[in-house]
Amino acid sequence: MKKIFLLCCILFSGSVILAQLPDSAYILLLNQQIDAYVVSQNLAALDTLYGDDFVFAHGSGRVEGKAGWMKTVSRTRYPMRQHDSVTVERHPGLALVKGRLSIGRIDKEKTTRYYLRYIRLFALREKGWQLISHHTVDEHHL
C-alpha cells in the first residue's frame, strides 16, 4: 500500500518527474489513476485519458464506445476499483496491460463486489498515453 501511495505521489508531482519514469512504470500508474478517476467520477480527466476510439468490452459481452462508457461512469457509483497482478508489455507506441481489477459497485441498496481479469491497450498519441481498449476476459462475483 505504501508503494502505491508513493507512486501516486509521483504521478501528481509534475510532468518533470513523470518524464523521467520509464514508460512501463508510467503506464502502471496511469492504469490505476484511470480507475481512481472512475471512482471519483472525474469525467474531464477521463475524457483526456481515453482515446476518441476507446472501446470497453464488458464481461457480460456488452461493448461500449467512449461516450457510452462515460455515461455509465457518470451514473454508476464505484466505491472501489483496485488493480493487482498487473503486467505491462511494451511495443513501439503501444502498451498491452494485463491484470486483475477488484471492484465494488453500489446497486440500489447494496454493494456488489466482484473481480475481473482484463487486457487493456494504451497508445502513445499526440496528447500522450491514452487508453484505447479495455477487454474483460474473466469475471467473478463474490
ask   = Can His83 and Tyr118 be counted as having a side-chain donor-acceptor contact under 3.5 angstrom?
value =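 On atom types as modelled, these side chains qualify, holding a pair under 3.5 Å.
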[X] and [Y]: same hydrophobic cluster, using ILVMFWY side-chain contacts below 4.5 Å?
X      : Y      : value
Leu28  : Ile132 : no
Ile106 : Val73  : no
Leu116 : Phe56  : yes
Val86  : Val38  : yes
Leu43  : Tyr37  : yes

For residues [X] and [Y], determine if any side-chain heavy atom of one lies less than 4.5 Å from a side-chain heavy atom of the other.
X      : Y      : value
Tyr50  : Trp69  : yes
Lys66  : Asp47  : yes
Lys127 : Thr48  : no
Glu64  : Lys71  : no
Gln32  : Gln82  : yes
Phe54  : Gln130 : no

If I take atom [atom1] from residue [X] and atom [atom2] from residue [Y], how far apart are they, to the nearest 0.5 angstrom?
X      : Y      : atom1 : atom2 : result
Leu46  : Gln41  : CG    : CD    : 10.0 Å
Leu96  : Arg120 : CG    : CZ    : 12.0 Å
Asp35  : Ile103 : CG    : CD1   : 7.0 Å
Arg105 : Lys110 : CZ    : NZ    : 8.5 Å
Leu94  : Ser133 : CG    : OG    : 11.0 Å
Ile34  : Ile27  : CD1   : CD1   : 8.5 Å

ask   = Can you name the nearest heavy-atom pair linking Pro79 to Thr111, along with the distance?
value =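 For Pro79 versus Thr111, the nearest heavy atoms are CG-CG2, 4.3 Å.
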key: Closest non-hydrogen atom pair, Arg90 against Ser24   =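 Smallest interatomic distance, heavy atoms only, reads CG-OG, 3.1 Å.
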task = Test Tyr78 against Thr72 for side-chain contact (heavy atoms from CB on, under 4.5 Å), laying out the working first.
result = CA-CA 11 Å; Tyr78 295 99; Thr72 297; 4.1 Å; yes
inquiry  = Between Asp52 and Arg125 (salt bridge meaning N to carboxylate O under 4.0 Å), is one present in this structure?
reply    =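 The answer is no: the pair does not qualify as a salt bridge.
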ask   = Take atom CZ in Arg62; do more than 12 heavy atoms of anything else shown fall under 6.0 Å from it?
value =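 It does: Arg62 CZ has more than 12 such atoms within range.
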request  = Among Asn42, Asn31, Leu131, Leu30, find the one that has a side chain to side chain contact (heavy atoms under 4.5 Å, CB included) with Leu49.
outcome  =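 That would be Leu30; it is the only one of Asn42, Asn31, Leu131, Leu30 passing the side chain to side chain contact (heavy atoms under 4.5 Å, CB included) with Leu49.
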